[in-house]
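These figures come from a predicted structure and were not determined experimentally. Because only heavy atoms are used, hydrogens play no part in the values below, and waters and symmetry mates are left out as well, while side chains stay in.
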Protein chains: 2
Amino acid sequence: MTAQPGRRRDAAATRAALLDAAATLFAERGFDRTTVRDIAGQAGVNQALLFRYFGSKDALFEEVMARGGREHLAATTPENLFDASLRSMLEPADSGRRNPALETYLRSTGSDNASAAIRREVGEEYARALATLTDAPDAELRADLALAWLLGIGLVREITGTEPLASADPDHVSQLVLTAVRTLLERTG
Amino acid sequence: MTAQPGRRRDAAATRAALLDAAATLFAERGFDRTTVRDIAGQAGVNQALLFRYFGSKDALFEEVMARGGREHLAATTPENLFDASLRSMLEPADSGRRNPALETYLRSTGSDNASAAIRREVGEEYARALATLTDAPDAELRADLALAWLLGIGLVREITGTEPLASADPDHVSQLVLTAVRTLLERTG
DNA sequence: TCCGGTTGTAAGCAGCTGCTTACAAAGCTA
DNA sequence: TAGCTTTGTAAGCAGCTGCTTACAACCGGA
């Protein structure tokens, strides 16, 4: 991972390497527990470049969060969003099929800096997508509640590790949750 | 709050003051963002005493978490636990009617030190209480899911501040959630 | 060829963190 | 009163944090 003579002096590649390293580490450890030295180290780059290309750790986090959230939203229809996100939460952590945006969101909830704003924005975009699934007048509130459950399940399963939820069968969990959520997000028509 | 000549040399009172200050600050800011200097300052006590009486910041957190969680559990019947905890989550932050144990749990999820163990223990005690509400064979899993929802709602409402959930009417939210949770926690008899 | 901006590096700064140590005073016991 | 333990304080240590600065190497254009 050390800077190779072959790809030296390539600003775009360096920036991208920092962004990728940051996305990985923020998802694994959250904002507070990821240091700029960690990120630069994983990218194989001097840490001063992080500040040259992004200005601050906060600004880098914003860019990571915005990119990750919008990628996932753009790739998933609202009808599949809840199910896909729930499935992603229930995947084993090392499967690589997890949604890094949700993971990052979850592990960075302790921080109250500028990153809070972009977290809220991404959350509200998810909620707006989910709100299209019901024609109830309080659709957005119902969507927030569904999203809250998703995040809560991720919290208990991944971070706290409460049993039996932490190692429960994804199909079983999915069935229980989807049944209950149907009372929230359903069309009357 | 500064040490008064009147109550000087009272080990029990000093210990209690540290414990109370820690409970307040951990609930407000979480584990990582509360410093031992903050705690000692709020208790009006030299910070070296924190280490004399509790050994480490981790150990102090454990004692706070264990005390707070068990107090609330002992004071609430399982039938009321979900509703009471949900109501507590929906209270305004400054109302003083919040449950500090849930708050602390929520704001300390970023930390992966020794405090993770006591968090899990308290979580599992809550889940065991909720599990008595249904006679389904997967009662504990259902209880974990209900608890996850509770925590998720607290997360979105308090920490992220997503609208419209953050400022929604507690009665309205409560009605939506309880309806959905009834598909999880209900007796067939 | 030399010049000037771009890219990369090494070193360090100020501030904060949990925790420790050396010491002063208070108060019980004999 | 003398001595010992308990309680409290002031100062500081080592390590880490985000971020900055001074400087070297590179490279395209004149």
ring-ring contact (aromatic ring centres under 6.0 Å, His included) involving A/Tyr105 - partner list, sequence neighbours excluded: none
Whole-Å distance separating the CZ atom of B/Arg29 from the P atom of C/dC16: 14 Å
With DNA chain D as reference, determine whether A/Arg52 or B/Asn46 sits nearer its 5' end, using the nearest nucleotide of each. B/Asn46
Nearest whole angstrom, please: distance from the P of D/dG18 to the CG of A/Leu50. 9 Å
Euclidean distance, atom CZ of residue B/Arg37 to atom C1' of C/dC16 [Å, nearest integer]: 8 Å
How many Å lie between CD1 on A/Ile39 and C1' on D/dC16, as a whole number? 15 Å
Which listed nucleotide (C/dT9, D/dC19, C/dG18) is nearest to the side chain of B/Phe51? C/dG18
Roughly, in whole Å, what's the span from CG in B/Asp32 to P in D/dC16? 16 Å
Check this for me: does any side-chain nitrogen of one of A/Arg33 and A/Asp38 sit under 4.0 Å from a carboxylate oxygen of the other? no
Please determine if a side-chain N or O atom of B/Thr14 lies less than 4.0 Å away from the OP1 or OP2 oxygen of D/dT7. no
Passing candidate, side chain to side chain contact (heavy atoms under 4.5 Å, CB included) with A/Leu60, options A/Leu19, A/Thr34, A/Val36: A/Leu19
What is the separation between atom CG on A/Asp10 and atom C1' on D/dG28, rounded to the nearest whole Å? 15 Å
Comparing B/Lys57 and B/Ala48 on DNA chain C - which has the more 5′ nearest nucleotide: B/Lys57
Mind calculating the distance between CZ (A/Phe26) and C1' (D/dG18) to the nearest angstrom? 12 Å
Hey, are B/Glu28 and B/Thr24 close enough side-chain-wise for a donor-acceptor pair under 3.5 Å? no
Can a side chain N or O of A/Thr35 be found less than 4.0 Å away from OP1 or OP2 on D/dC16? no
Atom CZ of B/Phe54 to atom P of D/dG8: distance rounded to whole Å? 12 Å
Lys/Arg N to Asp/Glu carboxylate O, B/Arg67 vs B/Asp20, below 4.0 Å: yes
Counting heavy atoms from C-beta on, name the nucleotide in C/dC19, D/dT7, C/dT9 closest to the side chain of A/Leu49. C/dT9
I want to check one thing: is the phosphate of C/dG8, taken as OP1 and OP2, less than 4.0 Å away from some side-chain N or O of A/Tyr53? yes
